[in-house]
Amino acid sequence: MKTNIYNLTLTELEQYFTNINENPYKAKILYKYLYREKIDNFSDIKEIKKSLTDKLSNDFTIELPTAKDTHKDESVTKLLFSLHDNSLIESVLMRQHYGNSVCVSTQVGCNMNCAFCQSGKFKKQRNLTAGEMVSEIMYMRKVLNEKISTVALMGIGEPLDNFENIKKFIEIITCVYGLEIGIKHITLSTCGLAPKITELANETKTVPLAISLHAPNNELRNRLMPINHAYPLEELQKAMAYYNEKTKNKIFIEYIMIKDVNDTVKCAKELSDYLQNINCTVNLIPYNETQSFDFKRSPKENIFAFYDVLKKNNIHVTMRRELGTSVKAACGQLKSEHTNKN
Ligand code: SAH
């Protein structure tokens, strides 16, 4: 079977050319054509002789996912993609004042089973390959004709449960001969796989980290996020401190505000204590209501009161401007709607 060329790092392509007695420098030419010229066919590479582009066409595809459904408003385009095996994933293009950002899915389904999240309703079927994640971005580049400056690993799936492919994906999209996305412009969001956070911190080039925290004590977090049974808050706190210390990066704490569940002043005080020694910014995000769960979004007053407590306790905190509510951009919502229809 042919391999999707987007799955190869520059080093792997150099090795490919060396193996067939060609100058490995051709890998750089190929990268330029794939990612900058956005070619659909190898025969479009004028700097490479026809016999070799024919061989490339025999060995590789240049494969994009197929869009099954699109929701858009002026700042957000959300796509439901079908992959070669008919698996469904979602990607979101967000137009921000600093440039375009893509929210990338990392797995087909998700095993983390968070109580409020639609993605968890689809059990993990498989990991996405690096090439499939790259092709989510290339779809935005080629079909929507958009420039991409930042990437968020915040779509369906748990990136640290697919860490090897994520590392490869990061190597491909940061390559200076290709997309050249800055390492600091890629955010990895995790529900808190503590040992993997430590492993991430030990990488030579580390991406910014976001933690989906959503609860300030183990009792509540166990109920909302089953991963907390495996890695309780104390262990997560140690991993976050290690990440701070090792990378000098601050951490983004995501905290969705759910009415009367995790949005009380008591929770805000507990959260302030928990984060006291962590270098971080807390993003307060209104819960995006879905039909599948009874959770309700916090009223504005609760969010403001929560914000004030964190501020008073010297925790850096922001309220995220909401993008995507109208296009059902919360994790797993579009896929869920599509699956219910059929
Ligand atoms: N598994 C990773 C990546 C998913 S990111 C993680 O947990 O971080 C998706 C983010 O959207 C997570 O912070 C998740 O908790 C949040 N989310 C899921 N459902 C949501 C909803 N209905 N409203 C708002 N945020 C939601």
Side-chain angles (χ1 to χ4, degrees), residues 76 78 89-92 94 101-124 127-128 133 136 150-163 165-166 169 186-194 196-197 200 207-216 220-221 223-228 230-231 236 239-240 243 251-259 261-263 280-298 303 318-337:
V76 177
K78 176 149 187 165
I89 56 161
E90 300 174 357
S91 307
V92 187
M94 286 164 285
S101 176
V102 183
C103 179
V104 169
S105 285
T106 57
Q107 296 179 317
V108 180
C110 182
N111 270 350
M112 299 301 132
N113 211 12
C114 297
F116 48 82
C117 180
Q118 204 101 45
S119 295
K121 302 200 99 186
F122 307 100
K123 288 271 147 273
K124 178 174 109 180
N127 286 327
L128 292 189
M133 293 184 267
E136 294 179 55
T150 61
V151 171
L153 294 166
M154 291 190 181
I156 295 176
E158 168 49 50
L160 291 183
D161 185 36
N162 184 16
F163 198 25
N165 290 342
I166 295 289
F169 165 76
I186 305 166
T187 302
L188 186 154
S189 179
T190 178
C191 61
L193 277 65
K196 295 281 177 191
I197 293 172
L200 176 71
V207 292
L209 177 67
I211 307 273
S212 299
L213 197 64
H214 308 331
L220 179 58
R221 200 163 193 269
R223 272 197 285 137
L224 294 179
M225 304 178 71
I227 190 69
N228 198 68
Y231 307 113
L236 184 55
M240 289 196 282
Y243 176 93
I251 295 172
F252 300 94
I253 303 287
E254 296 166 282
Y255 196 98
I256 53 175
M257 299 290 290
I258 311 175
K259 184 170 186 275
V261 173
N262 65 354
D263 67 344
C280 65
T281 294
V282 178
N283 282 322
L284 298 179
I285 307 158
Y287 180 66
N288 215 340
E289 291 174 15
T290 79
Q291 314 116 325
S292 315
F293 310 108
D294 289 335
F295 295 120
K296 293 275 170 265
R297 105 181 356 211
S298 298
I303 302 181
T318 60
M319 284 180 272
R320 187 185 285 179
R321 185 168 76 93
E322 269 183 282
L323 288 177
T325 321
S326 65
V327 291
K328 302 183 168 36
C331 207
Q333 285 191 342
L334 199 59
K335 172 167 172 176
S336 174
E337 196 168 76

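Model, not experiment: these values are computed from the prediction. Counting starts at 1 for both ligands and their atoms, following the listed order.
Within ligand 1, the atoms closer than 4.0 Å to a non-hydrogen atom of C191 are 6 (C), 7 (O), 8 (O), numbered from 1 in the order shown. Short contacts between ligand 1 and C117, defined as distances under 4.0 Å to a heavy atom of the residue, involve ligand atoms 18 (C), 19 (N). Which parts of ligand 1 touch I256 is read off a 4.0 Å heavy-atom cut-off, strictly below it: atoms 24 (C), 25 (N). Contact atoms of ligand 1 toward G157: 1 (N), 2 (C), 3 (C), 4 (C) (distance under 4.0 Å to a heavy atom of the residue). Residue H214 approaches ligand 1 through these ligand atoms, each under 4.0 Å from one of its heavy atoms: 13 (O), 14 (C), 15 (O). Below 4.0 Å from some heavy atom of M154 lie the following atoms of ligand 1, by number and element: 4 (C), 5 (S), 9 (C).
By the 3.5 Å distance cut-off applied to N or O atoms, Q118 is not counted among the residues near ligand 1.
Side chains of E158 and T190: a donor on one and an acceptor on the other come within 3.5 Å.
The residue from C103, S101, P208 that alone fulfils the side-chain contact (heavy atoms from CB on, under 4.5 Å) condition with T150 is S101. Tested against I156, the residues E90, Q107, K124 include a single side-chain contact (heavy atoms from CB on, under 4.5 Å) partner, E90.
Residue contacts with ligand 1 do not include I285, since none of its heavy atoms lies under 4.0 Å from the ligand.
When heavy-atom distances to ligand 1 are checked against a 4.0 Å cut-off, N288 comes that close through both its backbone and its side chain. Contacts between E254 and ligand 1, counted as non-hydrogen atom pairs separated by less than 4.0 Å, involve the side chain only. At a heavy-atom distance under 4.0 Å, no atom of I211 approaches ligand 1. The proximity of M112 to ligand 1, defined as any non-hydrogen pair under 4.0 Å, does not occur for either the backbone or the side chain.
Between R221 and L213, the shortest heavy-atom distance links the atoms NE-O, 2.9 Å. Considering all non-hydrogen atoms of both residues, K259 and S298 come closest at N-OG, 3.5 Å.
Looking only at side-chain heavy atoms (C-beta outward), M133 and I166 come within less than 4.5 Å of each other.
Q118 places no side-chain N or O within donor-acceptor distance of the main-chain N or O of S292, the cut-off being under 3.5 Å.
Taking Y243 as the reference, nothing meets the ring-ring contact (aromatic ring centres under 6.0 Å, His included) condition, with sequence neighbours excluded. Looking at residues two or more places apart in sequence or on another chain, you find a ring-ring contact (aromatic ring centres under 6.0 Å, His included) between F116 and H214.
Among P286, G192, S212, the residue whose heavy atom lies nearest to atom 13 (O) of ligand 1 is S212. Nearest-heavy-atom check against atom 4 (C) of ligand 1 across S292, S189, G155 picks out G155.
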